[in-house]
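Here the structure comes first, spelled out in structure tokens, and everything after it is commentary.
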Amino acid sequence: MFQLLKTDPHTQARLGKLTTAHGVVDTPVYMPVGTQASVKALDPRELLEMGTQIILGNTYHLNLRPGLDIIRAAGGLHKFMNWNMPILTDSGGFQVFSLAKIRKIKPHGVEFRSHIDGSLLFLGPKEAMEIQRTLGSDIAMVFDDCPPHDAPAREQRQAVERTMRWALECREQPRGDGQHVFGIVQGGSNAALREECAKALVAMEFDGYAIGGVSVGEPEPEMLKAIEMSVPHLPAHKARYAMGLGTPAQMVELIARGVDMFDCVLPTRIARNGTAMTRKGAFGLKGGAYKADFRPIEEGCDCFACKHFTRAYLRHLLNVNEILGLRMVSVHNSHLFIKVMAEVRAHLAAGTFAEFYREFIANYVPSQKVLAARKAASNER
């Protein structure tokens, strides 16, 4: 499934190819998030034009709405949403543990109340794999236990034990035609737990491995540490996927640490609040400073929004709640994530990634929240 083409001599960055039933994906890769069978505010044409290779869908949400009967009748998720390229589906584990109003953990899964109408539901390894088989995703994720980053040590241990046990159950379930399955490493910020979980999953011989329990509210230094604790225990000949991450700078940092795949709702989520992302950081486009700013969102960007509209116009649209405004900022932000990954791959192929990495990180200004977390981590040393 995964072919490692080249490893950067100065970092752990990798250039690779991921072969799926719906096409080949070049890695490192960013996957736009289409939780409800749609990447918010974008249509398939726009995604293809910006170079999207693979998108993500979600087991939990799609099982609730529109439901498996509708997707089955449509011929699977690809046909239902008119997307003929690869799709990865999350197992729903994160949503069960973060969205469910009331939940009760049982040996073979979780009984919970729907966040929509409060109805009683059950999701476990067997159910998660059956749903993903019906969806027909190219890559299915195992059902895991994803506790909060600040969960007590005892809860982290229990979560890892469940994750390993449930992964084995997922491994035994039938798959869709050509469907690959990835294991998910949990363990919080505990190095021993991360190692134990990773080694157990590797022994089960999944098609690839994800690092979970990151981007769940923890400070950036802790997130980086969790990745660093996990990567060394994952095989070089399998794809590595950091779930739910991150900003462009965080993705570049994690690529340098040996990660191949990313997904994140950030580009479209913050766009809906009027925040634009650039290679030098993010800024709020609604502010008065941009009222008569007739430059594009980012100089030199070749996305549709930057080629056709100014900051002043987009600010106006956002402030009068015109849908075109949030759509165009979503186009720009998503294009940036895709473009940065393409540049990373080009530099890896040319042998110049280390220089690109240093320059990109040096020029990127993180959010105040990230800077504060870095300062706190530095003071603890």
Regarding [X] and [Y], does a basic nitrogen lie under 4.0 Å from an acidic carboxylate oxygen?
X      : Y      : result
Lys339 : Asp302 : yes
Arg257 : Glu228 : yes
Arg157 : Glu196 : yes
Glu161 : Arg165 : no
Lys106 : Glu111 : yes

Same hydrophobic cluster for [X] and [Y], using side-chain heavy-atom links shorter than 4.5 Å among ILVMFWY?
X      : Y      : answer
Val265 : Val340 : yes
Phe2   : Leu201 : yes
Ile227 : Met229 : no
Ile211 : Val216 : no

At what distance, to the nearest 0.5 angstrom, does [atom1] of [X] lie from [atom2] of [Y]?
X      : Y      : atom1 : atom2 : value
Leu266 : Asn333 : CG    : CG    : 7.5 Å
Thr134 : Ile71  : OG1   : CD1   : 9.0 Å
Thr247 : Gln250 : OG1   : CD    : 3.5 Å
Ile131 : Asn63  : CD1   : CG    : 3.5 Å
Phe97  : Tyr60  : CZ    : OH    : 12.0 Å
Ile297 : Glu299 : CD1   : CD    : 11.5 Å

Tell me who clusters with Leu193, hydrophobic residues only, linked when side chains sit under 4.5 Å apart either directly or through other members.
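Taking Ile, Leu, Val, Met, Phe, Trp and Tyr as members, Leu193 shares its hydrophobic cluster with Val160, Met164.
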
Compare all side-chain heavy atoms of [X] with those of [Y] and state whether any distance is below 4.5 angstrom.
X      : Y      : result
Val329 : Met277 : no
His237 : Leu4   : no
Leu336 : Glu298 : yes
Asn363 : Arg279 : no
Arg194 : His233 : no
Thr89  : Asn58  : no
Cys306 : His332 : yes
Leu48  : Met85  : yes

Does the [X] side chain pair with the main chain of [Y], one donor and one acceptor, at a distance under 3.5 Å?
X      : Y      : answer
Thr59  : Gly92  : no
Lys238 : Phe206 : yes
Trp83  : Ser38  : no
Ser114 : Ile116 : yes
Arg240 : Val259 : no

Full working for side-chain contact (heavy atoms from CB on, under 4.5 Å) between Gln179 and Gln132:
CA-CA 9 Å; Gln179 190 174 57; Gln132 292 179 92; 4.2 Å; yes

Step by step, work out the salt bridge (charged side-chain N to carboxylate O under 4.0 Å, His left out) result for Arg14 and Asp8.
CA-CA 6 Å; Arg14 297 137 49 92; Asp8 179 61; over 6 Å; no

Can you give each donor-acceptor pair under 3.5 Å made by side-chain atoms of residues 344-354, sequence neighbours left out, with the distance rounded to 0.1 Å?
from	atom 1	to	atom 2	distance (Å)
Arg345	NH1	Pro28	O	2.8
His347	ND1	Thr352	OG1	2.7

Table please: side-chain donor-acceptor pairs of residues 312-327 below 3.5 Å, with sequence neighbours left out.
from	atom 1	to	atom 2	distance (Å)
Arg315	NE	Lys286	O	3.1
Arg315	NE	Gly287	O	2.8
Asn319	ND2	Lys286	O	3.3
Asn319	ND2	Arg315	O	3.2
Arg327	NH1	Ala41	O	2.7
Arg327	NH1	Glu46	OE1	3.0
Arg327	NH1	Glu46	OE2	3.1
Arg327	NH2	Glu46	OE2	2.9

Testing the basics here: between [X] and [Y], what is the closest heavy-atom pair and its distance to 0.1 Å?
X      : Y      : answer
Tyr364 : Thr278 : CE1-O, 3.5 Å
Phe94  : Cys146 : CD1-SG, 3.8 Å
Thr35  : Leu62  : O-CG, 3.7 Å
Cys303 : His335 : CB-CG, 3.4 Å
Asp260 : Thr27  : O-CB, 3.8 Å
Pro86  : Thr20  : CG-OG1, 3.3 Å

Does CD belonging to Glu172 count more than 12 external heavy atoms closer than 6.0 Å?
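Correct, the count exceeds 12.
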
Taking atom CZ of Arg72 as the centre, report whether more than 12 heavy atoms of other residues, nucleotides or ligands fall under 6.0 Å from it.
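Count over threshold, so yes.
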
Please walk me through it: do Phe143 and Leu123 pass side-chain contact (heavy atoms from CB on, under 4.5 Å)?
CA-CA 9 Å; Phe143 186 74; Leu123 188 62; 3.7 Å; yes

Would you call the rings of His78 and His22 parallel, tilted or perpendicular if under 30° counts as parallel and over 60° as perpendicular?
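The arrangement is parallel - the two ring planes meet at less than 30°.
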
Checking side-chain polar atoms at under 3.5 Å, does Glu169 have a donor or acceptor matched by the opposite partner on His108?
yes

Can you find a side-chain donor-acceptor pair between Asp263 and Tyr241 that sits under 3.5 Å?
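There is such a pair (donor and acceptor under 3.5 Å, judged by atom type) between the side chains of Asp263 and Tyr241.
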
side-chain contact (heavy atoms from CB on, under 4.5 Å) for Met261 and Ile139? Distances and angles first, verdict last.
CA-CA 12 Å; Met261 302 170 67; Ile139 302 172; 4.2 Å; yes

Of all residues at least two apart in sequence or in a different chain, which pass the ring pair (Phe, Tyr, Trp, His ring centres under 6.0 Å) check with Phe360?
Phe356

Tell me every residue that passes side-chain hydrogen bond (donor to acceptor under 3.5 Å, both in side chains) with Lys291, counting only those two or more places apart in sequence or in another chain.
none

Show your reasoning for whether side chain to side chain donor-acceptor pair (under 3.5 Å) applies to Thr275 and Asn273.
CA-CA 6 Å; Thr275 301; Asn273 295 321; over 6 Å; no

Within residues 200-218 or reaching into it, pairs that qualify as side chain to side chain donor-acceptor pair (under 3.5 Å) - sequence neighbours excluded
Arg175-Asp207

Between Gln156 and Asn190, is the side chain to side chain donor-acceptor pair (under 3.5 Å) condition met? List the steps.
CA-CA 8 Å; Gln156 292 285 5; Asn190 185 307; over 6 Å; no

Would you confirm whether the ring centroid of Phe337 sits within less than 6.0 angstrom of the ring centroid of Tyr30?
yes

